[in-house]
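As the structure is a computational prediction, the values presented were derived from the model and not from experiment. Side chains are part of it too, since the values below use all heavy atoms of this structure and drop only hydrogens, waters and symmetry mates.
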Amino acid sequence: LFHRQGHRLEPTYDDVKTGRERAAQMSEEQTLADLEQMLATLEPGIKVGVVGFCMGGRIAFQTALGSRVSAVTSFYGSRISEKALKWAGDIHCPLQLFFAGKDTSIPTSEVNLIETTLKKLGKKHELKIYKDAEHGFFCDEREAFDARAADDAWKRFLAFMGRELA
């Protein structure tokens, strides 16, 4: 995703600042255009599932706007309500969204807005909040790792993608 901002970058949790600086330089429109171009290279008729975490969770959410994607899972997708919900009427596939109840970067009010908007628009979705988990609960390299939430989310993810991509 960062290829337009310079040399190859694989940010680590020890250097979050560099990743955030690169992310701030990204154009959402260009990122989505790049993803659409990549998806267009796939063989027609193949069902495509997209999954993302944090910023990638928002980008995954946005790929649901394209007709090429069959299912999307977003783990604690950040900033979904800022721009992505404006386009929610154009979502073409089922969504699965996981959030953390103790996430200081994604307030419960934002999660509630996402849920309310998707319901109002009649979009097929599953939304799960792990009330005792923190942002990044799925990553076992972070202090926020929550084994129970991660295990439950993984089982739900596999079932969702298995069902939607069958």
Side-chain angles (χ1 to χ4, degrees), residues 1-11 19-100 103 105-107 109-130 135-139 150 152-166:
L1 292 176
F2 297 125
H3 71 281
R4 294 181 186 280
Q5 287 79 40
H7 66 279
R8 180 181 173 92
L9 175 68
E10 293 183 32
R20 286 185 177 154
E21 288 170 354
R22 286 277 185 97
Q25 297 172 28
M26 292 173 63
S27 154
E28 295 213 14
E29 291 77 10
Q30 186 62 60
T31 299
L32 290 173
D34 289 347
L35 289 169
E36 283 297 318
Q37 204 169 29
M38 183 272 306
L39 290 167
T41 66
L42 299 175
E43 186 177 317
I46 292 176
K47 289 190 173 186
V48 177
V50 177
V51 61
F53 298 80
C54 191
M55 178 188 79
R58 181 184 73 253
I59 293 170
F61 182 93
Q62 291 171 313
T63 65
L65 303 170
S67 60
R68 187 66 184 89
V69 175
S70 303
V72 167
T73 299
S74 171
F75 283 82
Y76 32 89
S78 60
R79 297 180 22 230
I80 287 175
S81 70
E82 287 182 20
K83 288 186 179 179
L85 279 182
K86 293 177 187 175
W87 306 316
D90 295 329
I91 290 172
H92 296 291
C93 70
L95 297 168
Q96 181 182 54
L97 304 111
F98 297 114
F99 292 99
D103 192 331
S105 61
I106 306 172
S109 59
E110 186 172 321
V111 176
N112 291 338
L113 177 62
I114 293 165
E115 174 79 357
T116 301
T117 302
L118 294 174
K119 278 184 178 178
K120 186 169 67 173
L121 294 170
K123 299 302 175 181
K124 183 177 178 184
H125 71 285
E126 300 174 11
L127 189 147
K128 172 73 176 159
I129 301 171
Y130 293 95
H135 188 89
F137 70 82
F138 196 82
C139 181
D152 183 70
W154 183 245
K155 288 175 183 172
R156 289 172 184 262
F157 165 73
L158 291 176
F160 175 78
M161 286 296 179
R163 187 173 58 248
E164 299 302 334
L165 301 179

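- Closest of all the heavy-atom pairs between I46 and R68 is O-NH1, 2.7 Å.
- The two residues L113 and S81 come nearest to each other via the heavy atoms CD2-CB, 3.9 Å.
- Residue K155 holds its NZ atom at 10.0 Å from CG of L158, rounded to the nearest 0.5 Å.
- Distance alone, capped at 3.5 Å, is enough to place a donor-acceptor pair between the S74 side chain and the G57 backbone.
- Between V72 and V51, every side-chain heavy-atom pair lies at or beyond the 4.5 Å cut-off.
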Y76 vs F137, ring-ring contact (aromatic ring centres under 6.0 Å, His included): CA-CA, chis, key distance, verdict: CA-CA 9 Å; Y76 32 89; F137 70 82; 5.2 Å; yes
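- To the nearest 0.5 angstrom, Q96 atom CD is 9.0 Å from E164 atom CD.
- What you find for L118 and A88 is that their closest heavy atoms are CD2-CB, 4.5 Å.
- Summarising the geometry of H125 relative to L97, their closest heavy-atom pair is CB-CD1, 4.4 Å, with the distance given to 0.1 Å.
- Atoms CH2 and CG, on W87 and L85 in that order, are 10.5 Å from each other to the nearest 0.5 Å.
- Atom NE2 in H92 sits 11.5 Å away from atom OG1 in T63 (nearest 0.5 Å).
- I114 CD1 to K119 NZ: the interatomic distance, rounded to the nearest 0.5 Å, is 13.0 Å.
- In this structure, the side chains of F98 and R156 come closer than 4.5 Å at one or more pairs of heavy atoms.
- A distance-only check finds a donor-acceptor pair linking the side chain of K123 to the backbone of I91 [under 3.5 Å].
- R58 places no side-chain N or O within 3.5 Å of a backbone atom of R79 that could act as its donor or acceptor partner.
- H135 and A100 get closest at one heavy-atom pair: N-CB, 3.8 Å.
- By the 4.0 Å N-to-carboxylate-O rule, E115 lies too far from K120 to be salt-bridged with it.
- E126 CD to L95 CG: the interatomic distance, rounded to the nearest 0.5 Å, is 10.0 Å.
- Remark: aromatic rings of F75 and F138 are close, center separation under 6.0 Å.
- Checking side-chain atoms of K124 against main-chain N and O of C93 turns up no donor-acceptor pair under 3.5 Å.
- Considering all non-hydrogen atoms of both residues, T73 and A60 come closest at O-CB, 3.9 Å.
- A cation-pi geometry, defined here as NZ or CZ lying under 6.0 Å from the six-membered ring centre and within 45° of its normal, holds between K128 and Y130.
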Working for side-chain contact (heavy atoms from CB on, under 4.5 Å), residues Q37 and T41: CA-CA 7 Å; Q37 204 169 29; T41 66; 5.9 Å; no
